[in-house]
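These notes concern the structure reproduced below.
These numbers come from the heavy atoms of this one structure, side chains and all, not from hydrogens, waters or symmetry mates. Chain naming here is simple, since letters A, B, ... match the order of the sequence lines and numbering starts at 1 in each. Remember, predicted model here, so these are calculated numbers, not experimental data.
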There are 2 protein chains.
Amino acid sequence: MSEQKQQDLEPGFIFQRVARQRLRLTDKRLAPHNLTSAQVFLLNWLLHRDGMTQKELAQRLSIGTVAVSGMVDRLEVAGLVRRGQDPNDRRAKKVWLKDSVRTNRELLSGLAKEINDVSFKGMSATEIKTLLGLMDKVHRNLVEALDADDPSKWVNEQPIRR
Amino acid sequence: MSEQKQQDLEPGFIFQRVARQRLRLTDKRLAPHNLTSAQVFLLNWLLHRDGMTQKELAQRLSIGTVAVSGMVDRLEVAGLVRRGQDPNDRRAKKVWLKDSVRTNRELLSGLAKEINDVSFKGMSATEIKTLLGLMDKVHRNLVEALDADDPSKWVNEQPIRR
DNA sequence: TGTGTATTGTTCACAAGCGAATTACATCGG
DNA sequence: CCGATGTAATTCGCTTGTGAACAATACACA
């Protein structure tokens, strides 16, 4: 029933579309576990290296510390994680996994693999490698553009909305 | 200062990263205009075809009708858009651009182009075409997987969180 | 015609992002 | 040691997205 032309008005919009679709599929798989995609991303990083500070987590997840703060709040309430003081820096807080998560390690990392398998279905290993390489290039381009923020260059028109 | 290894724990996470980075850059460019990325996506579609129903907009934007509802609310308050009845279907509402948007057509469509130029910097036309083609394949894979939702297949473990 | 089903838009409650402002602490220079 | 400056986390208020539940309308068919 979903045979629609969807002629691309804006080619770059495909990046948003794919990211959103992946989130939808992941969240659907996670619904029975009462978890969200973002939470699993965070937990997977902790499974890789436990006891990171929230700042470190934010860097790994490419989000701000504000978002991490709220997520750790909810994960703590859910009993999946606990906060601990950083002995070297009393401002910082380290985040530690609780056992309930570690015993389900395979479930969590397996889900990431499953979503990737679905995403890359019908693509050769070479194609996947090419895709990931090009995506990384795009990512580096965008990071560079954001770092070199030169407002005087791109505000060359009058604001459209007062 | 941003020389970090960021070794990829999960290759597919690059999709989220790129999408978010694009949003950040777009929002930064839009801040002086008091607009957001999502609003410009919607307005660009209306510039392409004015007077779509909210359902049609939702399909074009690959989001739910709920999200469109809220966005049109805010755009209406901002005076950028107006709602009108669909003469053929009294349930549906059509969304029409106001003149303030049409007179800034180039600004809006130009921004999309600028973000793409930044994203694809240093890449050949062939590479860009390859990337977009592979992204489209991934997108179709994910849409197919979501359409064919078979919960009995993927709930093969006990819920991790009660 | 009437009844059951499907669709459009809305509201609600929620998660997840963001920027700006704040608090508490660290660090660096004199 | 002190004061200025920088940084980690939090709170606030906002936008955007989701699913569930609902009202109004459309439609299909006995």
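In this entry the distance linking CG of Asp27(A) with P of dG17(C) reads 11 Å, nearest Å. The interatomic distance linking Arg24(B) (CZ) with dG17(C) (P) rounds to 10 Å, in whole Å. Atom CG in Leu35(A) sits about 18 Å away from atom P in dC14(C), given to the nearest Å. Going from atom CG of Asp86(A) over to atom C1' of dA26(C) covers 12 Å, rounded to whole Å. Protein atom CG of Leu43(A) is 15 Å distant from nucleotide atom C1' of dA16(C), rounded to whole Å. If you measure from atom CD of Glu76(B) to atom C1' of dT10(C), you get 13 Å, rounded to the nearest angstrom. Met71(B) has its CE atom 11 Å from the P atom of dT18(D), to the nearest Å. Across the protein-nucleic acid pair, Leu23(A) atom CG and dT16(D) atom P stand 17 Å apart, rounded to whole Å.
The phosphate of dA16(C) (OP1 or OP2) has a side-chain N or O of Arg74(A) nearer than 4.0 angstrom. OP1 and OP2 of dG17(D) both lie 4.0 Å or more from every side-chain N or O belonging to Gln16(A).
Checked against salt bridge (Lys or Arg N to Asp or Glu O under 4.0 Å), Glu76(B) has the following partners two or more places apart in sequence or in another chain: Arg83(B). Judged as a salt bridge (Lys or Arg N to Asp or Glu O under 4.0 Å), and not counting sequence neighbours, Lys129(B) has no contacts. Residues passing the side chain to side chain donor-acceptor pair (under 3.5 Å) test with Lys98(A), sequence neighbours excluded: none. Every residue was checked against the salt bridge (Lys or Arg N to Asp or Glu O under 4.0 Å) condition with Arg105(B), not counting sequence neighbours, and none meets it. Residues passing the ring pair (Phe, Tyr, Trp, His ring centres under 6.0 Å) test with Phe120(B), sequence neighbours excluded: none.
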Review item, nucleotides 4-10 of chain D N/O atoms under 3.5 Å of protein N/O:
residue: dG6(D); atom: N2; partner: Arg91(A); partner atom: NH1; Å: 2.6
residue: dT7(D); atom: O4'; partner: Arg91(A); partner atom: NH1; Å: 3.3
residue: dT7(D); atom: O2; partner: Arg91(A); partner atom: NH1; Å: 2.7
residue: dA8(D); atom: OP2; partner: Lys55(A); partner atom: NZ; Å: 2.8
residue: dA9(D); atom: OP1; partner: Gln54(A); partner atom: N; Å: 3.2
residue: dA9(D); atom: OP1; partner: Lys93(A); partner atom: N; Å: 2.9
residue: dA9(D); atom: OP1; partner: Lys93(A); partner atom: O; Å: 3.0
residue: dA9(D); atom: OP2; partner: Lys55(A); partner atom: N; Å: 2.5
residue: dT10(D); atom: OP1; partner: Arg83(A); partner atom: NH1; Å: 2.8
residue: dT10(D); atom: OP1; partner: Lys93(A); partner atom: NZ; Å: 3.0
residue: dT10(D); atom: OP2; partner: Gln54(A); partner atom: OE1; Å: 3.2
residue: dT10(D); atom: OP2; partner: Gln54(A); partner atom: NE2; Å: 2.6
residue: dT10(D); atom: OP2; partner: Ser69(A); partner atom: OG; Å: 2.5
residue: dT10(D); atom: OP2; partner: Arg83(A); partner atom: NH1; Å: 3.1
residue: dT10(D); atom: O5'; partner: Ser69(A); partner atom: OG; Å: 3.2

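Considering only the side chain of Ala67(A), dC18(C) comes nearest among dC18(C), dT18(D), dA26(C).
Between Ser119(B) and Arg22(B), the side chains place a donor N or O and an acceptor N or O closer than 3.5 Å (distance only, hydrogens not considered).
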